[in-house]
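What you see is a predicted model, and the numbers here were worked out from it, not measured in a lab. Sequence lines set the chain letters: A, B, ... in the order given, protein chains first and strands last, and positions in each chain run from 1. Basis for what follows: all heavy atoms, side chains included, without hydrogens, waters or symmetry-related copies.
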2 protein chains.
Amino acid sequence: MRLARLSEVSGTSPASIKFYLRAGLLQPGAAINPTRADYGEGHVRRLRLIQGLRSTVGLGLEDIRRIIDASAGVEDSPVRRLALLATVQSVVLRLDGDPGAASPAGDALVRAMAWPDEDSEARRAVDRHLAVMEAAGVGATAEVVQAYGRAADAIADAQLAATDLQDSVEDFVLTAAVGMHLHNQLILKIVALAQASQSIRRYGAGVRDAAGPGQP
Amino acid sequence: MRLARLSEVSGTSPASIKFYLRAGLLQPGAAINPTRADYGEGHVRRLRLIQGLRSTVGLGLEDIRRIIDASAGVEDSPVRRLALLATVQSVVLRLDGDPGAASPAGDALVRAMAWPDEDSEARRAVDRHLAVMEAAGVGATAEVVQAYGRAADAIADAQLAATDLQDSVEDFVLTAAVGMHLHNQLILKIVALAQASQSIRRYGAGVRDAAGPGQP
DNA sequence: AGCATTGGATAGTAAGACTATCCTCTGGAT
DNA sequence: ATCCAGAGGATAGTCTTACTATCCAATGCT
């Protein structure tokens with residue numbers, strides 16, 4: 001198909017498609033001659049992936065490029081797919097950074113949850129984050145961290161169960177990233193609800209009524 | 001103190017201070033004469049708040065303005081402070097939106113957690129979010145939602161306990177927002193760790209090694 | 001008296017993600 | 001064979017956000 005048709009099918013403006021081509025997020029179509037190129041189903045899937053990662057997950061084009069690069073060549077093999085999942089998580093949550101020291105709280109968590117005591121980017125990110133919180137005077141007690149751990153276990157289980165290793169790489173990455181993002185948002189909103197609920201429990205419904213800029 | 005001194009004390013460039021003054025995020029200093037103004041401790045606190053909300057929590061100036069507006073006049077009264085906390089959460093998590101229908105999953109959660117069955121912005125946000133997830137084909141089972149709920153209860157408890165209702169409004173809002181943000185990030189990172197751990201448990205450490213763009 | 005500072009206003013910059021315009025080539029209809 | 005709408009490529013413009021830099025007249029300290 002030609003650019004105009006690709007634009008229609010994918011719901012992306014021709015100008016944006018050209019932009020993604022220039023940015024290297026989309027392969028050039030097969031050149032029929034110097035002024036005509038042919039695009040296929042792969043281009044449509046790629047555009048769906050870009051759109052989804054942008055609009056739903058809110059990633060920038062640089063992050064999307066990293067995910068696309070990591071997807072290259074990962075067609076089958078569950079192990080590679082799960083590794084790709086780790087990359088997606090790393091990008092979505094910005095897990096990369098300096099190594100940093102292992103934290104006792106992190107060790108305690110891993111032991112309490114009976115998780116394999118392996119070094120991983122996620123583990124280092126948790127350790128670093130606990131150190132940052134400590135430094136900011138916002139410590140997390142071991143009980144709280146373990147409560148997070150139990151919830152995280154359930155979440156991870158649900159997400160892995162919902163992960164279809166048979167999809168095309170694009171669809172696999174897209175559903176994984178979208179699912180991850182939506183679950184993350186859900187947790188945060190439930191925390192907000194819990195906090196509102198506990199406030200009401202302690203101080204009554206007046207808490208709700210006193211909200212907002214205009215005070216009585 | 002003069003602008004130059006305020007700049008030194010707060011670590012904000014004079015140009016930025018002027019910018020915040022223009023944007024209305026900072027009150028003008030007490031005018032001594034047409035070309036000289038005096039700034040006080042309140043200005044320093046306000047700048048600390050703006051800086052913290054920007055750099056740590058990553059809020060935009062519009063969101064910061066909403067929080068500042070909501071803080072106006074809230075000096076004491078625990079009830080008002082907790083209401084302010086709800087506003088901060090609403091801004092940080094972007095809880096506002098159309099009402100939307102109540103979801104059975106949300107009701108189940110509230111009942112299971114024995115939270116007060118009150119209407120609130122957070123509750124509507126959870127309901128809406130569950131509907132969005134359903135629509136996106138990323139359903140959350142009741143068990144998962146309740147696992148989130150238990151963790152959220154522990155989180156909310158820890159955060160409310162760490163909330164010092166005696167601080168200045170600025171410090172109160174700042175520590176609340178920063179704590180909220182850091183806890184949120186922690187949860188997401190622990191989920192990432194849980195997922196990595198479960199992947200390794202199922203498929204062995206090969207998952208970790210297969211990560212990254214360069215494949216063997 | 002004189003010059004650096006202050007405060008206020010105006011305009012410029014940088015990043016990110018497009019969007020619009022221009023130009024040339026071409027392929028199907030005439 | 002010829003014409004011209006549309007294709008593809010390149011370049012430049014737009015919009016937003018958050019500053020940063022420059023100007024300018026009025027002071028105030030020396």
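- A donor atom on one side chain and an acceptor atom on the other are not found under 3.5 Å apart for A/Ser90 and A/Thr87.
- What separates CG of A/Leu47 from C1' of C/dA17 is a distance of 15 Å, to the nearest Å.
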Study note, to complete from the structure: Once base and sugar-phosphate atoms are separated, protein heavy atoms under 4.0 Å mark nucleotides 8-15 of chain D, 5' to 3', with B, S and - as BB-B----

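- Between A/Glu170 and A/Arg46, at least one side-chain N (NZ, or NE/NH1/NH2) sits under 4.0 Å from a carboxylate O, which counts as a salt bridge.
- Look at CD1 on B/Ile50: it is 13 Å from C1' on D/dA18, rounded to the nearest Å.
- Ion pairing between a basic and an acidic side chain is recognised when a charged N comes within 4.0 Å of a carboxylate O; B/Glu121 and B/Arg124 show no such pairing.
- We find the CD1-CD1 distance between B/Ile64 and B/Ile50 to be 6.5 Å, quoted to the nearest 0.5 Å.
- One atom, CD1 of B/Ile17, and another, P of C/dG8, lie 13 Å apart when rounded to the nearest Å.
- Taking atom CD1 on B/Ile32 and atom P on D/dA26, their separation rounds to 19 Å, with Å as the unit.
- For the OP1/OP2 pair of C/dA17 and a distance below 4.0 Å, the side-chain nitrogens and oxygens of A/Tyr20 include no atom meeting the criterion.
- Taking atom CG of residue A/Leu59 and atom C1' of nucleotide C/dA17, one finds them 14 Å apart after rounding to whole Å.
- Here the side chains of A/Ile187 and B/Val191 are in contact, with some heavy-atom distance below 4.5 Å.
- In this entry the distance linking CZ of B/Phe19 with P of C/dA14 reads 17 Å, nearest Å.
- For the pair A/Arg81 and A/Phe172, the cation-pi criterion (under 6.0 Å, within 45° of the ring axis) is fulfilled.
- Using a 4.0 Å cutoff on non-hydrogen atoms, the parts of residues 7-15 of chain A near DNA chain C are A/Ser13, A/Ala15, ordered by number.
- Dashed line: the shortest gap from a side-chain N or O of A/Ser16 to OP1 or OP2 of C/dT19 is under 4.0 Å.
- Atom CG of B/Leu26 is separated from atom C1' of D/dA18 by 16 Å (rounded to the nearest Å).
- A straight line from CG of B/Leu25 to C1' of D/dC19 spans 13 Å, rounded to a whole angstrom.
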Point to revise | Step-by-step side-chain hydrogen bond (donor to acceptor under 3.5 Å, both in side chains) determination, A/Gln51 to A/Thr12 | key: CA-CA 8 Å; A/Gln51 296 274 43; A/Thr12 315; 2.9 Å; yes

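- Side-chain contact check for A/Gln195 and B/Asp157: no donor-acceptor pair (N or O, by modelled atom type) lies under 3.5 Å.
- Remark: the backbone N or O of A/Met180 is paired with a side-chain donor or acceptor of A/Asn184 at under 3.5 angstrom.
- An OP1 or OP2 oxygen of C/dG16 is reached within less than 4.0 angstrom by no side-chain nitrogen or oxygen of A/Arg54.
- Nucleic acid contact class of B/Gly29 (heavy atoms, under 4.0 Å, all strands): none.
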